[in-house]
Structures are given as structure tokens and as C-alpha cells.
Protein chains: 2
Amino acid sequence: MVFAEKGFREATIREICQRAGANVAAVNYHFRDKEGLYEAVLTACRNDHRNPENHLAMDSTVQPAVRLEAYVRWMFRRVLALDREFPLGQILNREMIEPTPALSRIVEVHIRPEARWLASLMRDLLGPTFSRDELSRATMSVVGQILFYKHCSSVIHFLDETLMPRRDDFEAHVRHVTEFTLAATAGLRARRESETPLTATTFDSSSPEPFCKSPNVH
Amino acid sequence: MVFAEKGFREATIREICQRAGANVAAVNYHFRDKEGLYEAVLTACRNDHRNPENHLAMDSTVQPAVRLEAYVRWMFRRVLALDREFPLGQILNREMIEPTPALSRIVEVHIRPEARWLASLMRDLLGPTFSRDELSRATMSVVGQILFYKHCSSVIHFLDETLMPRRDDFEAHVRHVTEFTLAATAGLRARRESETPLTATTFDSSSPEPFCKSPNVH
DNA sequence: TTCAGAAGTAAACCGTTGTTTGAAACTAGT
DNA sequence: ACTAGTTTCAAACAACGGTTTACTTCTGAA
């Protein structure tokens, strides 16, 4: 989709219509204006991308380390996917740099559920002695490691193209991020639980889990 | 600078000149065209940003853990800096999403030296038993954790604004990334050195260090 | 068959943006 | 004071992009 390649601003209605074999005026007729078309595309993407096939990571009976690796692999696959396969990724990229009013909905529909799920996985890895904010930061450390390859891909390409994970071969990267994270969480947990007596000071369990629905809903 | 706020494409010569109190035609007279102005701005930024004040991290007599924390703190400060203070950051953001011919030079001048330096610090943390690629990936894990807060700031804001480090208070984030990384490297190193007999199989020391100057120079 | 409303279309409209132009203002050497 | 070269500027130019318009074509119920 043109929006994914060029971003909202640079995508021209004329090019979109040329590729789609449609008339320029049809956009304004059916979607009121360019922004209306954009939102229509977004909801279409949302439907496309439901039901991710990462069953392993979702299976709560599997041990956390395996679930983490499955999640990392799944996320790498999305990060490296072609725009055709996962147009939302590129669109999200643009929204980061210059948000449009559509970002709020994208976050609520796509990001927040995934963030909460990953946070609960990180809770399993870190144990109950970490605060909500500590847990959130650890969660962001994981996704940050992976998203780096998306956001900085052009720089990586210039630095050393062999470091960029390839669509058909990124197992080494999956294993690195997984093991880096597992080593970190295990180390942090061991230190924390040796510092504080494991009886008391488990954190206030009434405090909400990370990434709960915030007050600012659209 | 307008380029930093809006990106190359969306920055209009008229707005730039209005803010600068100059005439629109002056740009074409002095810099040939818009792209010439852009490159002039970039070299100006380069000169502005020389000589970073992270002496502690650079001091190789200090122990690696302290240097890492100093580096993380320095990088967070840049990531959270206002555009006025560090315009190159925002410009680099844009270049990631849609690179212009100027990106190559930015990488060689700014990114590669820093990447090599950080990789050598990571070498100190991880020891000699890790390959060049493993070392590179660990390096990227560190910067990925920090850059996440820049590239995803708008999403973080929607998810839970309290998680976004503030310009005047990001020590908790610095400590998290530092400790997360130290725990990861310590864990990985301990595992590696217990697996392999510490005598042999230290990696081929003739293999070049990460982020060496690649063949594709502009 | 008729015809009212929906859908599609080419052309025009209007604002914006990078660039050019031609003349005026300025500078410095003689 | 004169002049050659440089710098500045307002206006115009040309291209582009989103939107509107006026018209045609299509569709389906009466």
C-alpha cells in the first residue's frame, strides 16, 4: 500500500488511484477526504492482522523461557516482514515520527494488549519482587532490542550489512535477544531475592499491572 | 531548526527563511538548492556536536560497569534532549525512515566511531570468548534499549505517560538499562566460560573487531 | 421503458512549494 | 565619483496535490 511506503503526507491520492486503477475524485466521494481514506486503510489492516500465529508463546502452560523465545521469534518475523505482508509495521513507523490522530486508536487496538501480555510474561520471569515500573522497563528493554533492527535498519546497513537479520535467517538474532533477556532477568531476580528477605516486601500486589488502560482513551 | 522538527521533505524553505529573517531566494543563491542547504545544516550540526562531555565513560582506567553507566546516562541525555540542544537526533530519526543521500556521511562521521567504542566496552564486559557477531548483537541490545524511548516515545505516551523518562529525571531508566545489561553480560559470560574450557577456543583474535570501516564508503 | 439516485470521471480550482528572474542595494578597488 | 562584482529582494513561474464541480454512466425499482 502506498501509505506504508511513503507515509501519510507523501502518499499522493493520484498515485494511490493510479495503482488502484481508480479515479482521484472517487476518494473524496467515498471517504470524504484523504484522512478518511487513511483511516479506512488502517481498519482494513487491523482486520488483516488479527489472530497472530504465535500459539506457543500464548500457551501459559509452557515454561516462560520457551514462551519468551517464541515471542521474540514472532516479533522478529513481523519486524522483518515485507510491507505487503505486514503493512501496519511501516505505517506505525511513520506514526512514531509524526503522529496523526489515528495513532491513538492503533495503540489501543494493537499495542496495549500485546504490551500487557508481554509484561505478564516478564512478571513470570522476574518474580513478584519487582515493582510495576521496574516490570514495565524490563518489558520495554525486550521490545527495544528487537525494534532496534526495524528503526535503525538503514543505519545498520551502512555500518555492517551482515549484522542485519535476514528474512530467511534470523535465528541467531532470536537466540541472542532471548538469551540476553533471560540472563538479565535471572541475574536481576537472583540479586533482588538475595537482597531482600523473600518473606516480606513482595511488592504491593494491589498496584495495577503495567500498561493498564490509561485514562486518556479517545 | 526547522529541518529537525519537520524533516527534509516537510520543511519549507519559506518557513525556514521566515524564522531566519532571510529571503527565500537567498537559499538558492547561496546553497544552490534545498538539498544544499540541508547538507550545510548537517555539517554545522556535526561541528556543534563534537567533543561530547562523557569523560567518565571514555576513561579506560575506570572499571567497565561504571563506564557503561556513564555511557547510558550520556545517551539518555541525548535521546531526551530538546531539538535545540541536539538537532541531529531528530534529523537522524527522519533519515532512518526515509534516508537521503546525506545518511551515509552521518553514519561514518557520527555513528561508526561511537559504535566501535561501545563495542570495545562490551568486549570488556563479555570477555574474549564471544565472536564478533555476538559482540555486535550485544552492543545493539544496549543502544536498542535506549533508542526505544526515542523512536517509540509517542506510543509510550499513549500507553502510560509515566513510563516515559523525563528530561529532568531519568536516573531510574539509566540504572535499569545499566543493571539489565550488566546482569545479561555477566550471565552470558559466566555460562560461556563454564561451558568451554577457558584454555582454548578463545575466539579467533585475528577476526576484526565489530563495526570496522566497511567497504561501502561514500 | 422510465427515471431518480448512486457511482464514476475529466477538467478545473486553489493553495502551496521549490526555483528563477530582473532589478535594486551594497561593497570595494581605482 | 565611477564601476565591476556580489548580495538581497519582491515578484513571478512552473509544477504539484487535495478538493470541488459539472457532467456522464450505471443500477434497480416502479
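Just so it is clear: chains get the letters A, B, ... in the order the sequence lines come, proteins before strands, and each one is counted from 1.
The nearest whole Å value for the distance from the CG atom in B/N23 to the P atom in C/dT21 is 16 Å.
Comparing the local axis fitted to the first five base pairs of the helix from C/dT1-D/dA30 to C/dT30-D/dA1 with the one fitted to its last five gives a bend of 10°, rounded to 10°.
A heavy-atom distance below 4.5 Å is found between the side chains of A/F170 and A/R77.
Under a 3.5 Å cut-off, the side chain of B/H151 and the backbone N or O of A/G144 do not form any donor-acceptor pair. Under the 3.5 Å distance criterion, the side-chain polar atoms of A/R123 are left unmatched by any main-chain donor or acceptor of A/L118. Not a single donor-acceptor pair under 3.5 Å links the side chain of B/R116 to the backbone N or O of B/C212.
Side-chain contact of A/E95 with B/S154: a donor-acceptor pair under 3.5 Å is absent, judged by distance alone.
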(message) How would you summarise protein contacts on nucleotides 13-27 of chain D per nucleotide, using B for base, S for sugar-phosphate only and - for none, with heavy-atom distances below 4.0 Å?
(response) ----BBBBB------

(request) Please lay out, stage by stage, how A/E69 and A/R175 fare under the test salt bridge (Lys or Arg N to Asp or Glu O under 4.0 Å). (result) CA-CA 7 Å; A/E69 178 169 339; A/R175 276 184 32 236; over 6 Å; no

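Taking only side-chain nitrogens and oxygens, A/H30 never comes nearer than 4.0 Å to OP1 or OP2 of C/dA6.
Each of B/R112, B/R137, B/R132 was compared with A/D160 under the salt bridge (Lys or Arg N to Asp or Glu O under 4.0 Å) criterion, and only B/R132 meets it.
Checked for salt-bridge contact, B/R94 and B/E10 miss the test: no charged N lies under 4.0 Å from a carboxylate O.
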